[in-house]
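Just so we're clear, the structure is a prediction, and the values are computed from it rather than from any experiment. Chain letters run A, B, ... following the sequence lines, proteins first, then strands; residues in each count from 1. Below, each value reflects all heavy atoms present in this structure, side chains not excepted, and no hydrogens, waters or symmetry copies.
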Amino acid sequence: MLEKNYNPQDFEEKIYQDWEQSGDFKPDMRQSGEAFSIVIPPPNVTGILHMGHALDETLQDILVRYNRMQGKKVLWQPGTDHAGIATQMVVERNLAKEGISRHDLGREKFIETVWKWKAQSGGTICKQLRRLGASCDWSRERFTMDEGLSRAVRKIFVSLYKDGLIFKAKKLVNWDPKLGTAVSDLEVIQQETVGKMYYYKYPIEGKTGEYIHIATTRPETMFGDTAVAVSKENEKLKHLIGKNCILPIVNRVIPIIADDHADPEKGTGAVKITPAHDFNDFEVGKRHNLPMINILNEDATLNENTPFAGMSTQEARQKTIEKLTELGLMEKIEDHPMVIPYGDRSGVVIEPLMTDQWFVDAPKLAVEAIRVVENGEMQFVPKSYEKTYFEWMRNIQPWCISRQLWWGHQMPIWYGSDGEIFCEETEEEAYAAAEKHYGKKVELTRETDVLDTWFSSGLWAFSTLGWPDDNEYLKTFYPTSVLVTGFDIIFFWVARMMMMSMYAMKQVPFKKCYIHGLVRDEQGRKMSKSKGNTVDPMETIEKYGADALRFFMAAMETQGRDINLSESRVAGYRNFATKLWNAARFCEMNGCKLPEGFSPDSVKLEVNKWIVAKADAATVEVTRHLNDFRFSDAANAIYQFVWGTFCDWYIELTKPIFYGENAEDIAETKATAAWVLDRILVVLHPFMPFITTELWNNLAERKVKLIHAPWPQVKAMRPAAPAIDWAIDLISTIRSLRSEMNLPASAKLHVYLKNMSSDSAAYLQDMQTLVCSLARLENVELFADGQEITKDMVQNVFKEGVLLLPLKGVVDFAAERERLNKELENLNRNLENYARKLSNQSFVERAPANVVAEEKRRQAEAMENKTKVEEALARIVGL
RNA sequence: GGGUGUGUAGCUCAGUUGGUCAGAGCGCUGCGUUCACAUCGCAGAGGUCACAAGUUCGAGCCUUGUCAUACCCACCA
């Protein structure tokens with residue numbers, strides 16, 4: 001017996017445990033069928049589930065469950081990411097509470113501490129994914145720092161290095177002074193601010209009294225200036241080219257050079273060149289062979305190459321201005337809108353800094369990654385995202401992969417005492433290589449830098465499947481079927497996976513990439529902790545159940561759009577679950593069981609034929625939409641069928657049968673209802689796995705678990721059952737009339753139908769009892785020819801004829817007149833439209849014949865209806 | 001500066017190739033509890049599909065422009 005109330009908290013967790021313990025998420029490797037696989041976008045170990053995950057994982061789980069039911073060999077590969085910077089920050093913060101810094105511990109101890117932390121609190125998000133119902137094969141859970149994955153990282157690194165695709169270079173990189181590491185371009189957020197533009201002047205060497213005027217937003221960097229650039233085209237200033245000027249305060253002589261980087265229209269036309277601290281100036285410096293003077297320490301304080309060593313850039317800026325003012329060189333300061341780079345993790349200002357770093361030759365790797373998208377081997381869904389992808393890939397810069405952190409994959413690089421580099425997968429191999437190189441045993445020191453987290457994530461699609469070891473999983477499930485992720489990590493992850501996979505596997509990592517939007521708050525604002533508008537999915541699940549949240553995500557997911565989280569809507573889908581629950585209870589109470597060997601093709605009652613056909617139609621629709629990744633269409637199709645068709649009509653239509661006495665009809669209807677309900681549970685299962693499973697288990701003894709139940713294959717559409725649609729139309733018309741005319745619910749009405757076709761007459765005969773019961777009529781019958789229409793009869797157009805409703809003084813005739821007039825107006829408007837169209841010569845000539853015919857048919861129909869309404873109006877005019 | 005979206009009912013949004021597309025949910029209004037369900041039922045109101053021009057026999061749907069709005073990339077010394 002089902003509980004009276006739908007209470008998801010009673011069974012959701014229990015059901016999940018059963019799935020996991022029974023191994024229901026594992027692919028059946030013995031089976032020969034087609035494979036379907038997804039690798040989860042690995043959440044950070046430090047992560048807790050947010051609504052973005054809830055969306056992402058729900059979509060994946062729907063696909064996974066759907067394909068599993070399609071009988072495929074299905075693997076959803078789970079795991080987490082070591083998230084270098086994020087995790088190191090979390091652990092450092094914890095240590096800070098005890099007043100310890102990571103330097104107190106030392107590298108080795110610190111890493112131990114991180115592993116300990118991971119063991120204790122790293123699994124939160126995986127527990128939460130289970131609560132959401134994610135059917136990942138947890139027995140295969142991976143971590144980017146696992147031994148296996150680390151081996152993959154080392155192997156790829158060495159291979160890339162030996163292929164010349166990884167190189168070391170002293171370059172200007174984005175330096176995060178708080179974290180003390182380089183970061184990639186993607187990890188830098190450009191933020192608009194109103195800063196200042198400082199105007200001052202440098203004296204020209206030799207001649208007194210002549211100056212070159214400079215504008216800059218960062219005066220403190222002047223100590224790193226090694227030139228001033230002027231454009232050759234600059235008529236006013238070009239005479240200064242070739243002369244020298246004197247850098248004030250430090251009184252260093254620097255040349256005035258010709259370079260087109262200096263735009264005569266901007267600023268003063270003369271640009272100070274600081275090659276070691278500005279990306280553009282770096283290029284200028286290279287062109288002119290300028291010295292590069294580094295003026296910053298790793299914590300972004302000024303160094304001993306400046307007079308303000310130890311000061312922050314802000315302090316130094318003030319000091320510089322003061323000094324320049326004292327020297328009478330300061331001219332003006334203006335407000336200036338500008339963008340300032342910030343570290344996405346640390347939130348501090350990023351400084352371009354000259355350091356030794358390691359780079360991946362992304363432009364080379366991008367070639368293949370672009371090609372396979374161009375030729376469709378990997379398809380973005382929606383397609384429009386490939387533009388974004390191409391745009392970025394075609395302009396890609398070398399990827400800085402070294403990080404001066406402790407937590408991460410330490411690079412497999414060893415140095416000889418003379419700086420010779422040995423890149424090998426293991427220390428032993430490195431030493432062997434060194435011995436070969438030097439001709440004797442030598443000591444090596446290992447590179448301390450670790451790799452960017454995204455380096456290992458880039459291998460995720462094959463490293464999690466056991467690469468580099470050749471194995472059955474890799475063979476079966478690579479390339480994976482589809483990657484589901486948000487547009488915000490196309491560059492971070494999708495692009496890198498494409499590059500790495502094409503390099504290592506010569507095959508795409510996934511055949512399709514489904515990109516979804518962001519989950520925003522109810523007003524469409526981005527959710528953020530600082531705004532305080534985040535919603536914890538766990539709380540939503542607690543309140544409405546995981547099924548409701550999942551269905552919400554599916555129903556709202558339309559391609560290429562963000563989702564606004566709406567609690568009332570989640571509540572609505574909880575109500576949907578309640579509705580289904582109660583419908584199942586109705587079936588249970590009426591003893592609906594599926595008899596052995598029941599075939600929906602054998603049903604005789606019109607109503608049963610009808611629901612079977614509708615169930616098939618809904619199934620076809622859901623299937624088609626899921627195949628096309630149209631989640632909202634799929635969800636709405638099943639929603640509409642369950643609520644609008646099964647509950648609103650079928651159950652109501654079966655009541656007269658169940659409360660009647662025809663044993664044969666009752667038996668057939670019980671069987672059919674049970675069959676349809678089972679169909680609902682199967683088709684709804686990918687969306688709402690918990691309630692469907694709970695009902696599946698409770699309603700009958702089952703030979704197969706719902707999670708493995710076969711997805712229905714609808715071969716041919718069953719014939720429709722027109723009598724039921726006809727009856728529904730009639731019932732709705734009568735209900736509408738009752739409501740519009742304010743007829744009391746208790747009033748038992750007698751309805752006549754006039755001028756009915758023979759089909760309609762036949763339908764009426766079949767449906768008479770049903771219609772009476774659902775429309776609360778005393779009777780409904782054909783209006784005999786020659787019978788007189790009395791004055792108290794309300795008339796309403798129905799199908800090809802007229803519906804007559806005698807009202808012995810229960811009705812307000814003024815209101816009725818108004819209603820008829822309104823209808824007449826409508827008809828007139830439509831008729832005008834039809835007339836206009838049909839009198840249009842070119843329409844009649846050029847539109848397809850069936851369209852024209854349809855238009856004519858509608859016109860004729862409207863004409864008839866108009867006559868009927870006018871007659872009815874004339875009839876009641878005196879009442 | 002370059003690029004990509006979005007603008008449809010009070011709100012949040014569907015609307016796949018131009019011709020049953022003017023829709024859903026919530027909200028609102030009226031009526032209704034004899035037992036599947038008030039986490040409900042029945043009925044209803046409400047929209048010049050941002051604006052303008054164009055293509056077409058026919059335009060939320062295609063083209064161009066305008067306005068509004070969101071985001072991405074690059075850069076502004």
Side-chain angles (χ1 to χ4, degrees), chain A residues 2 4-6 185 190 197-198 214-218 221 228-229 261-263 266-274 278-281 284 336-339 382 384-385 387-388 391-392 395 487-488 490-491 517-518 520 522-524 526 544 548 552 555-556 558-569 571-590 624-625 628 630 632-633 636 639-640 644 647-648 651-652 655 731-732 735-740 742-746 774-776 837 840-848 850-852 854-855 858:
Chain A
L2 292 172
K4 184 166 188 320
N5 293 314
Y6 164 63
D185 296 348
Q190 305 287 347
M197 179 73 89
Y198 302 88
I214 304 287
T216 180
T217 54
R218 303 199 56 186
T221 61
V228 171
H261 169 59
D263 181 344
K266 283 185 184 165
T268 61
V271 190
K272 64 194 271 307
I273 301 299
T274 322
D278 182 283
F279 289 101
N280 285 313
D281 293 3
V284 177
H336 181 70
M338 56 191 289
V339 282
S384 57
Y385 281 106
K387 242 183 175 169
T388 315
E391 185 63 23
W392 192 73
N395 295 300
F487 68 82
D488 49 332
I490 292 178
F491 305 144
L518 252 46
R520 298 168 173 277
E522 193 135 22
Q523 283 78 43
K526 211 165 163 171
Y544 299 105
F552 168 83
M556 298 304 289
T558 52
Q559 294 183 0
R561 226 175 146 126
D562 289 345
I563 289 179
N564 292 358
L565 184 70
S566 151
E567 182 167 350
S568 68
R569 201 137 181 168
Y573 292 120
R574 187 269 324 267
N575 295 355
F576 172 63
T578 306
K579 188 76 180 174
L580 174 64
W581 186 266
N582 284 307
R585 283 180 60 229
F586 173 84
C587 293
E588 187 184 47
M589 284 171 186
N590 286 287
R624 180 165 54 91
H625 290 314
D628 293 345
R630 300 188 69 92
S632 77
D633 288 332
N636 287 332
Y639 179 98
Q640 180 51 40
C647 292
D648 285 351
I651 287 184
E652 295 310 316
K655 282 177 182 172
I731 293 162
S732 298
R735 280 174 178 172
S736 205
L737 270 175
R738 290 188 84 120
S739 175
E740 275 170 37
N742 274 324
L743 302 185
S746 53
L774 267 69
R776 293 191 174 191
K837 256 190 173 175
N840 182 341
Q841 197 78 18
S842 46
F843 172 74
V844 180
E845 278 167 16
R846 306 175 71 156
N850 62 324
V851 174
V852 178
E854 175 65 11
E855 206 66 16
R858 283 189 226 171

Which part of the nucleic acid, if any, lies within contact of [X], taking any heavy atom under 4.0 Å across all strands shown: a base, the sugar-phosphate backbone alone, or nothing?
X	answer
A:Asn280	sugar-phosphate
A:Ile273	nothing
A:Asp278	nothing
A:Ala262	base
A:Thr217	sugar-phosphate
A:Arg574	base
A:Cys587	nothing
A:Ala215	sugar-phosphate

Taking only residues two or more places apart in sequence or in another chain, which ones pass ring pair (Phe, Tyr, Trp, His ring centres under 6.0 Å) with A:Phe491?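 Listed in chain order: A:Trp392.
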Check residues 572-581 of chain A and write down every donor-acceptor pair under 3.5 Å in which the side-chain atom is one partner and the other belongs to a residue at least two apart or another chain.
{"from": "A:Thr578", "atom 1": "OG1", "to": "A:Arg574", "atom 2": "O", "distance (Å)": "3.0"}
{"from": "A:Trp581", "atom 1": "NE1", "to": "A:Glu3", "atom 2": "O", "distance (Å)": "2.9"}

What's touching nucleotides 62-64 of chain B from the protein side, N or O pairs under 3.5 Å?
none

Scan nucleotides 17-28 of chain B against the protein and return all N/O pairs shorter than 3.5 Å with their distances rounded to 0.1 Å.
none

Rounding to an integer number of Å, can you tell me how far A:Leu565 CG sits from B:C13 C1'?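 Distance check: A:Leu565 CG to B:C13 C1' gives 14 Å.
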Tell me: CZ of A:Arg585 to C1' of B:U39, nearest whole Å?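 Roughly 13 Å, once rounded to whole Å.
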Could you summarise the pairing of RNA chain B as dot-bracket text, marking Watson-Crick and G-U pairs under 3.5 Å with ( ) or [ ] inside the strand and | across strands? (((((((..((((.....[...)))).(((((.......))))).....(((((..]....))))))))))))....
Atom pairs, N/O to N/O, protein against nucleotides 68-73 of chain B, distance under 3.5 Å?
none

At less than 3.5 Å, do the side-chain atoms of A:Glu652 and the base atoms of B:A36 form a donor-acceptor pair?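 Answer yes: a donor N or O sits under 3.5 Å from an acceptor.
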